Amino acid sequence: MSSERSARPQGNLDHAEKVSLGAGVFRRCDGCGDTQLSESFAYGVCPRCGHHERLSAEQWMQLLLDPGSFEPEGEALAPTDPLRFSDGRPYPERVASARRSSGATEAIRVGAATLAGRPIMFGAFVFRFMGGSMGSVVGERLTRLFERAASARRPAVVLSASGGARMQEGIFSLMQMARTVAALGRLREVSMPFVSVLLDPTTGGVAASYALLGDVNLAEPRALIGFAGPRVIEQTIGQKLPEGFQRSEFLLEHGMIDQIAERREMRATIARVLALLLDD
Amino acid sequence: MATLEFERPLVELERRIAELKTAIRASGRGGAEFDVEVARLEEKARRLQEDIFGSLGSWQKVQLSRHPDRPFTLDYVQRLCDDFVELHGDRAYSDDRAIVGGIARFRGRSVVLIGHQKGRGVKDNMARNFGMPHPEGYRKALRLMEMAARFRRPLLTFIDTPGAYPGLGAEERGQAEAIGQCLLSMSRLRVPVIATVIGEGGSGGALALGVANRVVMLEFSTYSVISPEGCASILWKDRARGPEAAEALKVTADHLLRFGVVDELVPEPPGGAHRDPDEAARRVGDAIARHLDALAPLDGPRLAEDRYRKYRAIGEFVGE
């Protein structure tokens, strides 16, 4: 599959391909270690081995959404420290440094947008913000996303990339699982679709709440998707996991996702699904 | 009976009192001075129990929540219900014995019950996978939730699991999806739902049975986003620092009541539920019955709305 992708001529690209996603002239692939011209990493995909580098929420918005259509929601929401949690470093300090290093206000961005002209409610995780972990703010933003999608009768599209619940907010993080899923239930009641896009990685409390409950579940190639992290499983069963375990291809084979969509096809795939479910 | 380290002085003293009584009976003598001595020791034991259980740390409560003699779901069901019919299987793959469920009569009401089930002893624990469900367990639960809705029976759940099982088969068969479906189903049920945390509330695998109108929690139970040992392993690469993590995570019933995650804390009998399961069950039953009565005036849509609002409000943040 990867050779097919790299062999594809660079001339046949759709509009989003023209968006520059890399900075600097040369770039080293995290997958194969090869160094190539940055411009050959279209969509952050290595032209040699097909390794998908993680994209930021903003890069995903450029790829999927109509230019300038994103209207953020809940950007001013900020976490508190209900447990007064410290693991040697107080939680508020960790949040502050995550804000600085990620440039994001929290581990997800949500808002109204249009995709191929269609109004949707959109969310994309910021994995660089504390591993995309779901605390109260992520839960609140997702809940608003689903609630607004239900009340405005718009489909919901969420790109998940998260290690799971945010430990530092304890039980409040756990409860976000119930909260986000309950809000998704409202969307179902008005028969509006939820397209769940699973990125690398989607595990723990995010996987085990709304993320696998899409009307359509799409995943990127080779994304790690599962309930428990591979290390926890290996410790529990006392053996190494087989190659490809919990990867997108494994989930497709076991009936947990509908399609594996490559980055350059993601926008078109989502647009087709929504059109087929919603248009006359 | 298994004995925890901090229970030992109390258990020792009680054993001595029992021996003394036996010796007195055997000697056939009896008399006032012996009665006075026995009464003195019994008073001492009572005060010792108060001392120990009045100032338990988080880690000691974690240990009590996992006590091998602690009453499990079926111990409560036996004591609280008449005419329990256990229902088995997910209709797709197997019957997961780490989750039990069925229909029964509870204080005059016909109800649907679902709970995690730990085993008593090694063999039983192997069969029940130490109370750690696989996806088929959650899909059995899902089937029973839908049955409760169809026949308009209140749903009572009992939470007691270290967590959903992290294994190969569990991942292959969709552990995450199964838990997510339970959350979705519970959040929409148009019948009263009461969840009771009777032991360990281990993360998503516990919450899968926990989306309720009212959440009741036994005094020495715990409920947490991650096990203290798992948390310590991530934060400090050292599972042995679980006691510190238990403190930091605020996993005990008193904290959860204060946070508004739990609606009622049910005090345990002196020395913990395992020392008097009948009394523990009576107290749990009283709490459940009281909440069912309180929810009785609400119709189906209002029950679902009540539950939605309860979870909608749980979150700590600032700003708009």
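Order of the sequence lines fixes the chain letters, A, B, ..., with proteins taken first and strands second; residue numbering starts at 1 for each chain. Source: prediction; values computed, not measured.
- Within the 4.5 angstrom heavy-atom criterion, only side-chain atoms of V261(B), from C-beta onward, approach chain A.
- Here M175(A) is the residue among M175(A), E75(A), R166(A) with the most heavy-atom pairs under 4.5 Å with chain B.
- Within a 6.0 Å radius of CZ in R89(A), other residues, nucleotides and ligands contribute more than 12 heavy atoms.
- With a 4.5 angstrom heavy-atom cutoff, F259(B) touches chain A via backbone and side-chain atoms both.
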Between Y210(A) and L183(B), does a side-chain contact (heavy atoms from CB on, under 4.5 Å) hold up when you go through it step by step? CA-CA 9 Å; Y210(A) 70 89; L183(B) 299 177; over 6 Å; no

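- Although no hydrogens or angles enter the test, the distance criterion places a donor-acceptor pair under 3.5 Å between the side chain of E171(B) and the main chain of A228(A).
- For the atom pair CG (L256(B)) and CZ (F172(A)), the distance works out to 8.5 Å, reported to the nearest 0.5 Å.
- To the nearest 0.5 Å, atoms CG (L207(B)) and CD1 (I171(A)) are separated by 8.0 Å.
- For the set G170(A), S173(A), A211(A), the count of heavy-atom pairs under 4.5 angstrom toward chain B peaks at G170(A).
- Using a 4.5 Å cut-off between heavy atoms, R307(B) does not touch chain A at all.
- Summarising the local packing, CZ of R152(B) is surrounded by 12 or fewer heavy atoms from other residues, nucleotides or ligands at distances under 6.0 Å.
- Proximity to chain A is limited to the side chain of I226(B), based on heavy atoms less than 4.5 angstrom apart.
- Neither the backbone nor the side chain of E253(A) comes within contact range of chain B, judged by heavy atoms closer than 4.5 Å.
- Within a 6.0 Å radius of NZ in K240(A), no more than 12 heavy atoms belonging to other residues, nucleotides or ligands are found.
- Between chain A and the options S187(B), P166(B), S224(B), G315(B), heavy-atom pairs under 4.5 Å are most frequent for P166(B).
- The pair E305(B)-R186(A) counts as a salt bridge, with a side-chain nitrogen and a carboxylate oxygen less than 4.0 angstrom apart.
- For E247(B), no part lies under 4.5 angstrom from a heavy atom of chain A.
- In terms of heavy-atom proximity, L249(B) sits nearest to M167(A) at CD2-O, 3.7 Å.
- The greatest number of non-hydrogen atom pairs below 4.5 Å with chain B, out of N217(A), L213(A), I237(A), V206(A), is found for L213(A).
- The shortest distance between side-chain heavy atoms of L174(A) and Y223(B) falls below 4.5 Å.
- S203(B) contributes atom OG, which lies 6.5 Å from atom CE of M177(A) (distance to the nearest 0.5 angstrom).
- Here CZ of F227(A) is found 4.0 Å from CD1 of I179(B). Values are rounded to the nearest 0.5 Å.
- Contact annotation: the side chain of P79(A) never approaches that of F317(B) to less than 4.5 Å [non-hydrogen atoms, C-beta and beyond].
- Note that CG of L83(A) and NZ of K250(B) are 5.0 Å apart. Values are rounded to the nearest 0.5 Å.
- Other residues, nucleotides and ligands place more than 12 heavy atoms under 6.0 Å from the CZ atom of R144(A).
- Distance check, rounded to the nearest 0.5 Å: OH of Y311(B) to CZ of R179(A) gives 12.5 Å.
- Taking chain A as the reference chain and counting heavy-atom pairs below 4.5 Å, the highest number among E177(B), E320(B), R312(B) is found for R312(B).
- Closest of all the heavy-atom pairs between F85(A) and C231(B) is CZ-SG, 4.4 Å.
- Looking at E189(A), both its backbone and its side chain come within 4.5 Å of chain B, counting heavy atoms on both sides.
- Counting all heavy atoms, side chain and backbone alike, R188(A) lies closest to L184(B) at NH1-CD2, 3.3 Å.
- Ranked by heavy-atom pairs under 4.5 Å with chain A, the list A164(B), A313(B), G210(B), G163(B) is led by A164(B).
- Side-chain atoms of E172(B) never come within 3.5 Å of backbone atoms of F245(A) as a donor-acceptor pair (strictly under, hydrogens ignored).
- For L168(B), the parts lying under 4.5 angstrom from a heavy atom of chain A are both the backbone and the side chain.
- The closest donor-acceptor contact from the side chain of W236(B) to the backbone of G88(A) lies at 3.5 Å or more, if one exists at all.
- Annotation: maximal heavy-atom pairing with chain B below 4.5 Å, among I233(A), L212(A), L241(A), occurs at I233(A).
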